[in-house]
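Structure record follows, encoded as structure tokens.
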Amino acid sequence: MKTTETRVKQNPTSTDVVPYQPEVVEAKWQARWAERRTNEPDLDRAQRPFYNLMMFPYPSAEGLHVGNMFAFTGSDVYGRFKRLQGYDVFEPIGFDAFGIHSENYAIKLGINPAELIPQNIVNFRRQLRNIGGMFDWRHELSTTDPKYYKWTQWLFLQLLKAGKAYKKAAAVNWCPRDQTVLANEQVIDGRCERCGATVEQRTLEQWFFRITEYADRLLADLDDKTKMDWSESTTLAQRNWLGRSEGAELVFNGAGVTPREARGPKSNGPEIKVFTTRPDTVFGATFMVLAPEHPLVDAFTTPDCRAEVEAYRQSMASKDLVSRKVGEREKTGVFTGGYAVNPATGNPVPVWIADYVLMEYGTGAIMAVPGHDQRDFEFARKFGLDVVEVVRPPDSSGDEGLSPRAQRGGGASPADVPVEAAYVDNERGVLVNSGQFDGLKVPEAKRAITAWLAERGAGKAIVNYRLHDWCISRQRYWGPPIPVIYCDEHGAVPVPEKDLPVLLPLIDDFQPDDSGVSPLARHEEWYYVPCPVCGRRSRRETDVSDTFLDSAWYYLRYPSTEFDDRPFDQERTRKWLPVTTYIGGNEHAVLHLLYSRFVSMVLHELGLLHFDEPFKKFRAHGHIVKDGAKMSKSRGNVVVPDEYIQRWGADTFRMYLMFLGPFQEGGDFRDDGVSGPRRFLDKVWALVGDTIRDDNGAEINHAVQVKRHQTVRKVTAGLEELHYNTSIAALMEFVNTIRAENVASREVVEDLIVMLAPFAPHFAEENWERLGKEGSIFDAEWPGWDERLTVEDTVEIAVQVSGKTRSRVTVPRGADEKTVVAAAQQDAGVRRFTEGKEVRKVVYVPNRLLNLVVG
RNA sequence: GCUCCGGUGGCGAAAUGGCAAACGCUGCGGACUUAAAAUCCGCUGGGAGUAAUCCCUUGUGGGUUCGAUUCCCACCCGGAGCACCA
């Protein structure tokens, strides 16, 4: 290509007739997009479907803040990029409007949330339009719409039918003064946030989903790259939450109430099953601990201990859930008076109860090995229980005389030996005081002892998960009623599907009160219904379902919002799902994403979905930091975007947000940087003006040509990897080069505008039109690059002497080592450091660097 | 306490084994202007020097390497998540 230069005017703005007025441009294109349905792909005939999903917002009264805008814009940039690459991009939006936040706010104002939410949604729509999102508004949804929650209820019924939903008693926080259930966040320092009364635990019957049945599959898929290409940080969080532990379930035979009876040959007492990850330490299990709620507590409690045991259980029940878990670390507990037999040693061990053992994990009972577990050690020390060493650290063999735990070999009774700390290494160490297993290393001992106990019917190797079943019951007003009817004759009867939705009645007294029943139960015309089976007067379930159930399937609904007779259309779903790219915050890395995966897995199993993992690619976005903390409503450091958009324009603001840091890491919000992107857009605006006036099919010079191909490569890669800040930097460099070289060629400027379009959509549309193009720029083609044209003919090579850069030499691209060494040795700056020294070694990196190592 | 992610100019950041500080902000100087704003041009990590140039610099200390912001080990600081998970 010839490199004739086209000279244009130096000062771009001075010659411009039409100034850049963002408010005019943005209003024009937002109206035109709506009019021409630019952002509404044909969902039935799309050739290259691309489902670009962003986590839908909860429509708060305050509106979207800058942190939310950052996230939405980043997702939108990606969607627009894919659209320009020729995909049929579906970018839906909706509102996650049920839940405790809305309800609490409504209670505060004394207005039913059903009246508040629509106003908030109006505001959210306005903000999301203003920022220029490529949303397909035809498919907007709200979880509070009966047309939506009808299918949330339907989903519950499918799970119930499939045996994946069940009812069981579980603890909740209970305020004794307000007579109502409290969410964990409503408990402040063990007190009710509204009335200040001390919160208690109460046990209620609640609905659960059997997500634990899927723990192994939920874990296995995380490693399957064909199903899930997710942010590393997110899969890690899920792994930790699932919390897989390999270990053993061991059986301790409860033999009665005295040590003497326990020693008897074969006892008939109840068995206690425990889960342990350290079966190798079973010889050191000197006592057992049951959770206070454990069903076997009564069986082990002796008459003389009963009063104390009862008192302890009472005191645990009177604590709220938060402070029981997070509260004081000082170990508490009481002795039941009962004993059980250690299956390894045959010795009786006392059975205690303590709140540091949780009913929800494992079997709700543990074998306590105080020598090798920190908590058991603290407990043993406090209550004077035996501590036995059964694993010796690998390094203690050398200084036998010094280690206090090593003195134990001398025959002293284990309890008499002072032990300063538990040795808790899960992998290293050698067994002692363990009979035939002495001398084995920990990993071997785990296998050997488990096998040995299994043979004697006292244990088996099992895998345990931290994950609990998903409690979906909420004793609240603002959610979809759980579609179940209680009949005296037939028990819990599912509402027939034809009767869905069970409408949430619009009531004035939605506030909880001291009557002790749900607000819904006070509305008799709603509460009492005929049993679907026998027709006799029955009662509705008054719990509503968890908001996470609403959001666990919304991505299935979007493509099918116009179908009233099915939750998701099979054909649409086959075409558009699983979601191609999902972007959202890592605060939902665990619950929302896990629940969504669970729902997809179950529906897949039921033959209702053709896939089991709903999100093919997931990327967690970063967070905007303000004053050293993540921007959030709860922290009170939010910045409202509206005034920025008004002052600078949406396109400038979008670019600023995307430029301030890597999208997946977030960045610091400071208003003093917004002018940079705006100045950049002004320059581009002027450049287009120059091009329109002066371009006559001018040739592009070499420098601009190289920069152009480099820029296309860099911007494309940056967008694909969500490194938007470097893409924008590359565009800025490109413009700097064009201006420095005075080449306002149409061809080059068109590429520039297309690459700018994902970031500044209205601006790009307007300039596309100024350049005389018809239709939307988003139907244009993303530019390509030629790798050969990204490089210069000559390269500058850094010349180092012993690793320090001393000079640079310019050589033809691809020059060989000999040529470069020769050039370097001519260089005075290099010679100064090599003179009189022997070059011991030469390191040459073609086209980059030469290192002469001197001796 | 455990897990993960970070720490680079005055500020946001770039470079992930090969010329540290691209791009932008701020600041300073100049041009234009009666003036200001806007715009344009130049400089802007620290130190020494008239200068060419040299020395130092990516949280701290060590290591690997011809060469380390990048890899390894230990520590310090900040952020996020989990939190008595047996």
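Nothing here was measured: the structure is a model prediction, and the numbers come from that model. Order of the sequence lines sets the chain letters (A, B, ...), proteins ahead of strands, with each chain counted from 1.
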| Is the A:F252 to A:F287 ring centre distance short of 6.0 Å? |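 Between A:F287 and A:F252, which both carry aromatic rings, the centre distance is not below 6.0 Å.
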Classify the ring geometry between [X] and [Y] as parallel (under 30°), tilted (30 to 60°) or perpendicular (over 60°).
{"X": "A:F548", "Y": "A:H588", "value": "perpendicular"}
{"X": "A:F618", "Y": "A:W230", "value": "tilted"}
{"X": "A:H621", "Y": "A:F70", "value": "perpendicular"}

Nucleotide of [options] approaching [X] most closely (side-chain heavy atoms):
{"X": "A:K841", "options": "B:A22, B:C4, B:C66", "value": "B:C66"}
{"X": "A:Y361", "options": "B:A22, B:A86, B:C19", "value": "B:A86"}
{"X": "A:N240", "options": "B:U3, B:A86, B:A83", "value": "B:U3"}
{"X": "A:R806", "options": "B:C54, B:C23, B:A15", "value": "B:C54"}
{"X": "A:V853", "options": "B:G18, B:A86, B:C66", "value": "B:C66"}
{"X": "A:V843", "options": "B:C19, B:C66, B:U26", "value": "B:C66"}
{"X": "A:A729", "options": "B:A86, B:C25, B:A22", "value": "B:A22"}
{"X": "A:T726", "options": "B:A14, B:U3, B:G18", "value": "B:A14"}
{"X": "A:K683", "options": "B:U3, B:C40, B:C23", "value": "B:C40"}
{"X": "A:D355", "options": "B:C23, B:C84, B:C19", "value": "B:C84"}

| query | Starting at the 5' end of RNA chain B and moving along, which residue's nearest nucleotide shows up first, A:F833 or A:G673? | reply |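 Mapping each residue to its closest nucleotide by heavy atoms, the 5'-most match is A:G673.
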| Which sits closer to the 5' end of RNA chain B, A:Y465 or A:N851, going by the nucleotide each is nearest to? |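 Result: A:N851.
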In whole Å, measure the gap between the [atom1] atoms of [N] and [M] for me.
{"N": "B:A48", "M": "B:C40", "atom1": "P", "value": "35 Å"}
{"N": "B:C5", "M": "B:G10", "atom1": "C1'", "value": "26 Å"}
{"N": "B:U69", "M": "B:G18", "atom1": "P", "value": "11 Å"}
{"N": "B:A22", "M": "B:C11", "atom1": "P", "value": "15 Å"}
{"N": "B:G30", "M": "B:A36", "atom1": "P", "value": "12 Å"}

| said: Tell me whether A:T276 contacts the main-chain N or O of A:R278 through its side chain, where contact means a donor paired with an acceptor under 3.5 Å. | reply: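 At least one qualifying donor-acceptor pair exists.
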Name the nucleic acid region contacted by [X], choosing base, sugar-phosphate or nothing; use a 4.0 angstrom heavy-atom cut-off, strictly under.
{"X": "A:R808", "result": "base"}
{"X": "A:S233", "result": "nothing"}
{"X": "A:N464", "result": "nothing"}
{"X": "A:R840", "result": "nothing"}
{"X": "A:E796", "result": "base"}

| request: Indicate syn or anti for B:G61, taking the glycosidic torsion and treating anything within 90° of 0 as syn. | output: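 Nucleotide B:G61 adopts anti.
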Give every pair of a protein N or O atom and an N or O atom of nucleotides 8-13 of chain B that lie under 3.5 Å apart, one pair per line with the distance.
unit_1: B:G12; atom_1: O2'; unit_2: A:L660; atom_2: O; d: 2.6
unit_1: B:A13; atom_1: O3'; unit_2: A:N725; atom_2: ND2; d: 3.4

Compare all side-chain heavy atoms of [X] with those of [Y] and state whether any distance is below 4.5 angstrom.
{"X": "A:L722", "Y": "A:R619", "value": "yes"}
{"X": "A:T332", "Y": "A:Y312", "value": "yes"}
{"X": "A:L242", "Y": "A:L222", "value": "yes"}

| query | Distance check: side-chain N/O of A:K707 vs OP1/OP2 of B:A22, anything under 4.0 Å? | reply |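 No, A:K707 has no side-chain N/O under 4.0 Å of OP1/OP2 on B:A22.
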| message | If we count only N and O atoms by modelled type, under 3.5 Å, do the side chains of A:D651 and A:Y656 hold a donor and an acceptor together? | response |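 No, A:Y656 and A:D651 have no side-chain donor paired with an acceptor closer than 3.5 Å.
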